[in-house]
Amino acid sequence: MQQRGPDAKLSVVRASLGKALSPHGGRGTLQPTMRWSKLFTPTLRDAPNDAVAPSHKLLIRGGFIRQLHAGHYSMLPLGWKVHQKVADIVRDEINALGGQEFLLPTMHPADIWKTSGRWDTMGDIMFRLEDRKGAETALGITHEEIFASVASELSSYKQLPQIWYHIQIKFRDEARPKSGLLRVREFHMKDSYSFDVDEAGLDASFELHDGAYRRIFERLGIPAFGVEASSGAMGGNDSVEFMTPSDAGEDDVIRCTNCDYSANIEKGTSALPAMTDEPGPDAPERFDTPGVRTIKALEEFDGGAPADRQLKTLVMVLDGTVTLVVVRGDHQLNTQKLSDVTGAIEVRPAEVAETVAALGAHPGSLGAVGVTDHPIIMDEALRGRTNMTTGANTDDVHYRGVSVDRDVPVGQWADLREVQEGEPCPNCGTALTIVRCIEIGHIFKLGTTYSKAFGASVSTPEGGETPIVMGSYGIGIGRNMAASAEANYDDKGLIWPVSIAPYEAVITLMRLDDDCVAAGEKLYQDLTAAGVDVLLDDRDARAGVKFADAELIGIPFRLTVGPRGLKEGKVEFNRRATGETVEVELDAAAAAVWEAVSAAKS
RNA sequence: CGGGCUAUGGCGUAGUUUGGUAACGCGCUGCACUGGGGGUGCAGAGAUCGUAGGUUCAAAUCCUGCUAGCCCGACCA
């Protein structure tokens, strides 16, 4: 370190500080936001009482985000910095696929949604409003319609394939926003859309995105895997969800511990052992079951039957139509499967009054035997079963000896049941596990639904015309930021991967005396020149406060500059992830940090 | 949408049962000491107790409506 007169140096430093500290464009050597003393990062010792998920608590405590109201968060400077780094990684990977970045509006006319039919099918999830003329508009929940309408200007197969995307705010009126950034009503999403001339092209575009998404999660420090999923309201025939295990998630995923089978519980199945029944009587027999209202009670009732020999009849209302859904007594209905199988948008259990009106009995005594005035959907697991027990549609009366093929006028067979933990894997027979997960990305093969609706077609080499085959691919920026936080923290706070940390390194000044300030500023200049995103902690605070804050907000590397080390010409180099601290020569410190950052990013 | 819980300075809480005019910790401001893991002392600032109404001499406290937030569930007939 150069030796100068202390007074002279002090005045130089003060002059530089004064300029740098000006929030009005003072041209100091440091950006004001690079000085912690000027950075708006309100860290809290305690998380708000209503935060539960670790990422929620830590993002609040670290001063990354603040809630405005349910499902709407303000991004504070640190949070926005992370958010932008996440977005940049996503952008980088989609650009690498040849993706072209757009920016489409987020307020849409009702017409475009009516054209696709989703104005009605999207229901309450869509924020709808009227403009001053009374025209119906909506805030965009996704952009298939808008991109497809733009794609109608594509005219020749020679232009394909195309991958288009934008990173734009979506609005979704979620029934239940929760867990901080994990489920919100207003969020940035990267949604990309592929346009191909045929299915083979779509498959290729889909595979490209599959690879890009896996690289994205890798770079975000999120352990991710793909699962078979229900396409839900998006339409299309094939989709893969990307999941990361977390208690803060909202999806249950079936995973095999042996083979690579994994599926959303809304889609997955298992291999049930076959059941053999006695043939039973020639016709169902009614018998009185006073007070028996549940599967369990019927199991215990003298003359009843075990749950796997009962037919459970659920009265559901599908888009207004009362429908009987029959599953095995010990099985659970998955309503998403029911929705997917029937195409019904609104699926709900019937009210008791509706049930009584439809079948003449109360829940607990219901059955589908001989019912012809309501559609009956039966779970695949009940195929061929005989000698079963079920309600007789008279309170306190059941049937035994029911054969489903003979006695129940089934209109549709489908896989409706929800897989239970421990059931055998459909591929290899190993016991399945169920893991709680956060859905961090979803990619869909859409087909031609939207291109047909919006007239997006291209001429073919043969001189004909063919609708463009589309795919759509979504990844929520804020949710992935939170998912990374869920995967990377300890009892001290966040441990961001270097790739998305708000700063890659922090220089912590133990004292604000001349030597420390000068050494810190020099390190800052060297690191900045080397392209490292660095923060200078120049606050007049105790060491413990500075260390605790740096650890809370999860900066990967820390240089500690204090008189103790400076006497030996050394500073301390600390790694957040491991807690490891080593002394390095002051002159070599910047290089050491640069190397660590480079190594982590490569 | 159903159920449960909650709302008191920036954050965390007490006070509500039994009405009497708002307290504590952290944070913030000033001063002093201190100075390598959230330090100490002194002195301060900061709350119409979510909101509207009601009961009462008197309401954070009791009653009613509304609003907002959090959690669980939305299938076990």
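Given the structure is predicted, the values throughout are model-derived calculations rather than measurements. Lettering follows sequence order; numbering is per chain, from 1.
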Rounded C1' spacing from B/rU55 to B/rG44 in Å: 40 Å

Taking a pair to mean Watson-Crick or G-U wobble geometry with both distances below 3.5 Å, B/rC33 pairs with B/rG39

Validation: residues 356-373 of chain A side-chain donor-acceptor distances under 3.5 Å, sequence neighbours left out:
unit_1: A/His362; atom_1: ND1; unit_2: A/Asp395; atom_2: OD2; d: 2.8
unit_1: A/Ser365; atom_1: OG; unit_2: A/Asp396; atom_2: N; d: 3.0

Pick base, sugar-phosphate or nothing for A/Gly562, based on heavy-atom distances below 4.0 Å to the nucleic acid. base

Which part of the nucleic acid does A/Val315 contact within heavy-atom distance under 4.0 Å: base, sugar-phosphate only, or nothing? base

Mind checking A/Ala51 for me? I need base, sugar-phosphate or nothing, with any heavy atom below 4.0 Å counting as a touch. nothing

Give me the ring orientation class for A/Phe171 and A/Phe127: parallel if the planes are under 30° apart, tilted from 30 to 60°, perpendicular past 60°. perpendicular

What integer distance in Å separates A/His56:NE2 from B/rC71:C1'? 13 Å

C1' gap between B/rA32 and B/rA60, integer Å: 38 Å

Would you tell me if any nitrogen or oxygen in the side chain of A/Lys296 comes within less than 4.0 Å of OP1 or OP2 on B/rA77? no

So if I take every side-chain heavy atom of A/Thr335 and compare against B/rG36, B/rC75, B/rC72, which nucleotide ends up nearest? B/rC75

Note: for A/Ala175 and A/Val52 on RNA chain B, the residue whose nearest nucleotide lies more 5' is A/Ala175

Euclidean distance for P, B/rU67 against B/rG25 (whole angstrom): 38 Å

If you look at every heavy atom in A/Ala431 and A/Gly422, which pair is closest and at what distance? CB-O, 3.7 Å

Return the value, rounded to whole Å, for the distance between atom CD of A/Glu568 and atom P of B/rG36. 16 Å

Counting any heavy atom closer than 4.0 Å, what does A/Thr294 reach on the DNA or RNA strands: base, sugar-phosphate only, or nothing? sugar-phosphate

With a non-hydrogen cut-off below 4.0 angstrom, is A/Arg293 in contact with a base, only sugar-phosphate, or nothing? sugar-phosphate

Considering only side-chain heavy atoms of A/Arg558, which listed nucleotide, B/rG37, B/rG38, B/rG36, is closest? B/rG37

A/Lys57 atom NZ: more than 12 heavy-atom contacts under 6.0 Å: no

Counting the atoms with a prime plus P, OP1 and OP2 as sugar-phosphate, which does A/Gly329 contact under 4.0 Å by heavy atoms, base, sugar-phosphate, or nothing? nothing

Determine, stepwise, if the pair A/Glu174 / A/Arg185 fulfils salt bridge (charged side-chain N to carboxylate O under 4.0 Å, His left out). CA-CA 6 Å; A/Glu174 294 287 348; A/Arg185 303 202 298 175; over 6 Å; no

Among pairs that include at least one residue of residues 539-560 of chain A, which meet ring-ring contact (aromatic ring centres under 6.0 Å, His included), considering only residues two or more places apart or in two chains? A/Phe557-A/Phe573

With a non-hydrogen cut-off below 4.0 angstrom, is A/Ser179 in contact with a base, only sugar-phosphate, or nothing? sugar-phosphate

Whole-angstrom distance between B/rC5 and B/rG65, as gauged at atom P: 15 Å

Restricting to nitrogen or oxygen on both sides, can you table the protein-nucleotides 23-34 of chain B pairs closer than 3.5 Å?
unit_1: B/rU34; atom_1: O2; unit_2: A/Arg542; atom_2: NH2; d: 2.4

Tell me the interatomic distance from A/Glu250, atom CD, to B/rA74, atom C1', rounded to whole angstroms. 13 Å

Taking the same atom, P, in B/rU61 and in B/rC76, what whole-Å distance lies between them? 39 Å

Selection: residues 547-555 of chain A, any non-hydrogen atom under 4.0 Å of RNA chain B: A/Phe547, A/Ala548, A/Asp549, A/Glu551

Closest to side chain of A/Lys178, choosing from B/rC72, B/rG69, B/rC75: B/rC72

Any salt bridge between A/Asp252 and A/Arg436, counting N to O under 4.0 Å? yes

Can you tell me the pairing partner of B/rG25 across any strand shown, Watson-Crick or G-U wobble, with both distances under 3.5 angstrom? B/rC11

Salt bridge or not between A/Arg383 and A/Glu380? Use side-chain N to carboxylate O under 4.0 Å. yes

Have a look at A/Asp540 and say if it touches a base, only the backbone sugar-phosphate, or nothing, with a 4.0 Å heavy-atom cut-off. base

Gap between atoms CZ and C1', on A/Arg564 and B/rG37 respectively (whole Å): 11 Å

Quick one: look up who B/rG73 pairs with, Watson-Crick or G-U, both distances under 3.5 Å, and put none if it's unpaired. B/rC1

Between A/Gln420 (side chain) and A/Glu418 (backbone), is there a donor-acceptor pair under 3.5 Å? yes

Atom pair distance, as rounded to whole Å: CG in A/Leu509 and P in B/rG37: 16 Å

Can you pull the salt bridge (charged side-chain N to carboxylate O under 4.0 Å, His left out) pairs that have at least one residue in residues 399-413 of chain A, sequence neighbours excluded? A/Glu285-A/Arg400

Under the criterion side chain to side chain contact (heavy atoms under 4.5 Å, CB included), I'd like the reasoning laid out for A/Leu552 against A/Leu58: C-alpha separation, chi angles, the key distance, then a yes or no. CA-CA 8 Å; A/Leu552 173 61; A/Leu58 290 171; 4.0 Å; yes

P atoms of B/rU40 and B/rC26, separation to the nearest Å: 7 Å

Specify the residue among A/His362 and A/Arg176 whose closest nucleotide of RNA chain B lies further upstream toward the 5′ end. A/Arg176

Once you round it to whole Å, what is the distance between P of B/rG37 and CE of A/Met510? 7 Å

What residues 59-69 of chain A contributes to the RNA chain B interface at heavy-atom separation below 4.0 Å is A/Arg61, A/Gln67, A/His69

Output the rounded distance in Å from CG (A/Leu298) to C1' (B/rA77). 12 Å

Separation of B/rC75 P from A/Glu418 CD (nearest whole Å): 10 Å

Between B/rA7 and B/rG39 - P atom distance, rounded Å: 29 Å

Which heavy atom of A/Val561 sits nearest to which heavy atom of A/Gly520, and what is that distance? CG1-N, 4.4 Å

Does B/rU16 have a Watson-Crick or wobble mate here (both distances under 3.5 Å), and if so which one? none

In whole Å, what separates the P atom of B/rC31 from that of B/rG50? 36 Å

With A/Gln336 as reference, evaluate A/Asp340, A/Leu333, A/Leu338 under the side-chain contact (heavy atoms from CB on, under 4.5 Å) test and give the passing residue. A/Asp340

According to the Watson-Crick and G-U wobble definitions, with both distances under 3.5 Å, which nucleotide is paired to B/rA59? none

Going through the distances and angles, do A/Met243 and A/Arg255 end up as a side chain to side chain contact (heavy atoms under 4.5 Å, CB included)? CA-CA 11 Å; A/Met243 295 288 187; A/Arg255 292 195 85 176; over 6 Å; no

Using the ring centroid of each side chain, check whether A/Trp496 and A/Phe64 are separated by less than 6.0 Å. yes

